[in-house]
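Scope of the values below: all heavy atoms of this structure, side chains included, with no hydrogens, waters or symmetry mates.
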Amino acid sequence: MSELEVEPEVAAQLFGDRIDVARSFTEALAREGEERGLIGPLELPRLWTRHILNSVIAAPLFHGSVADIGSGAGLPGLVLAIARPDVQWTLIEPMERRITWLDEQVAALGLTNVDVVRARAEDVRPAEGFDVVTARAVSALRTLIPLTAPLVRDGGELTVLKGINATNEIDAAAKQIKKFRLTDVRVEVLGEGVLPEITRVVRAIVR
């Protein structure tokens, strides 16, 4: 079995006084993640760099009420909820075993700013839209927009963590961007000079 990546020094800077909570979550994910089908067998040596830090670097972008679609192992939702206790998070995930994991972690970590909802994104109908909706590694932007944009309040934001093809995904999603009235669609690059691997975020306003 491969060993968990040594915690990078920058982790404590990014999490601040929440670093111990982040360590507890990361250790639990390393201990149980592969066995419970949450992460792949090759992820432990890069768990901090590729997943935890890749998620937390986006923490300053969020405010108010946020929904994380397809939360899975809690990336980015649980990581962001740890870093931003001042924001209210709703983690939306359809798979029961992942819901069980998320519920366990919310309780174990003492997170009072998280609701876990078992549902598919298209079946969620909030009474009021969320201020921000996020997702990470769920699907291509053209598929993701119809699932996420309806959950955002008028004037709220999509803030989606994406990979190296983020700009191409925006081009390919032109039809969905127009249909769901997204404006100011752009790619922001986070973590340059701070993280070993930068994070790309697609941001847009939903009208």
TODO: Evaluate side chain to side chain contact (heavy atoms under 4.5 Å, CB included) for V160 paired with V201, printing each intermediate quantity in order.
DONE: CA-CA 5 Å; V160 180; V201 180; 5.9 Å; no
For the residue pair [X] and [Y], establish whether any side-chain heavy-atom pair is separated by less than 4.5 Å.
X: E197; Y: R50; result: yes
X: T49; Y: E5; result: yes
X: V133; Y: T159; result: no
X: N54; Y: L161; result: yes
X: I92; Y: R120; result: no
X: L75; Y: I52; result: yes
X: F130; Y: V66; result: no
X: T134; Y: I69; result: no

Task: Hydrophobic cluster partners of I198 (side-chain heavy atoms under 4.5 Å) - done: V189
Open item on the list: If you count every heavy atom of other residues, nucleotides or ligands that lies below 6.0 Å from R46 atom CZ, does the total exceed 12?
Closed with: yes
For residues 177-185, run the donor-acceptor check on the side chains, cut-off 3.5 Å, and write out each pair with its distance to 0.1 Å, sequence neighbours left out.
from	atom 1	to	atom 2	distance (Å)
R181	NE	R207	O	2.7
R181	NH2	R207	O	3.0
D184	OD2	R186	NH1	3.1

Open item on the list: Give me the atom names and distance for the closest heavy-atom approach of L151 to P126.
Closed with: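 Minimum heavy-atom separation between L151 and P126: CD2-CD, 3.7 Å.
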Task: Taking every non-hydrogen atom, the tightest pair across A166 and V187 - done: CB-CG2, 3.9 Å
Task: Listed once per pair and sorted, the ring pair (Phe, Tyr, Trp, His ring centres under 6.0 Å) pairs that draw on residues 28-78, sequence neighbours left out - done: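 Every pair satisfying ring pair (Phe, Tyr, Trp, His ring centres under 6.0 Å) with a residue in residues 28-78: F62-W89.
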Open item on the list: One thing to verify: whether E169 and R142 come together as a salt bridge, which I'm taking to mean a side-chain N less than 4.0 angstrom from a carboxylate O.
Closed with: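 Here R142 does not pair with E169 in a salt bridge, since their nearest N and O are not under 4.0 Å apart.
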Open item on the list: Under a 4.0 Å threshold between the charged nitrogen and the carboxylate oxygen, would E157 count as salt-bridged to R203?
Closed with: yes
Task: L61 reachable from L80 in the ILVMFWY side-chain graph, under 4.5 Å edges - done: yes
- [ ] May I ask whether L38 and L44 are part of the same hydrophobic cluster, defined by side-chain heavy atoms of I, L, V, M, F, W, Y residues being less than 4.5 angstrom apart, directly or through others?
- [x]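 Yes, L38 connects to L44 through the hydrophobic network.
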Output a table of donor-acceptor pairs, distance under 3.5 Å, between side-chain atoms of residues 101-119 and any protein atom two or more places apart or on a different chain; print 'none' if there are none.
from	atom 1	to	atom 2	distance (Å)
W101	NE1	A73	O	2.8
E104	OE1	R36	NH1	2.8
E104	OE1	R36	NH2	3.1
E104	OE2	R36	NH2	3.4
N113	ND2	A81	O	3.3
N113	ND2	R84	O	3.2
N113	ND2	V87	O	3.1
D115	OD2	Q88	NE2	3.4
R118	NE	P94	O	2.9

- [ ] Output every pair passing salt bridge (Lys or Arg N to Asp or Glu O under 4.0 Å) with a member in residues 127-138, not counting sequence neighbours, ordered by first then second residue.
- [x] D131-R153
TODO: Please collect all salt bridge (Lys or Arg N to Asp or Glu O under 4.0 Å) contacts where either partner lies in residues 62-83, sequence neighbours excluded, each pair once.
DONE: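 Qualifying pairs, neighbours excluded: none.
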- [ ] Mind checking the NZ-CD1 spacing from K162 to I170? Nearest 0.5 Å is all I need.
- [x]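 Interatomic distance, K162 NZ to I170 CD1, rounded to 0.5 Å: 10.0 Å.
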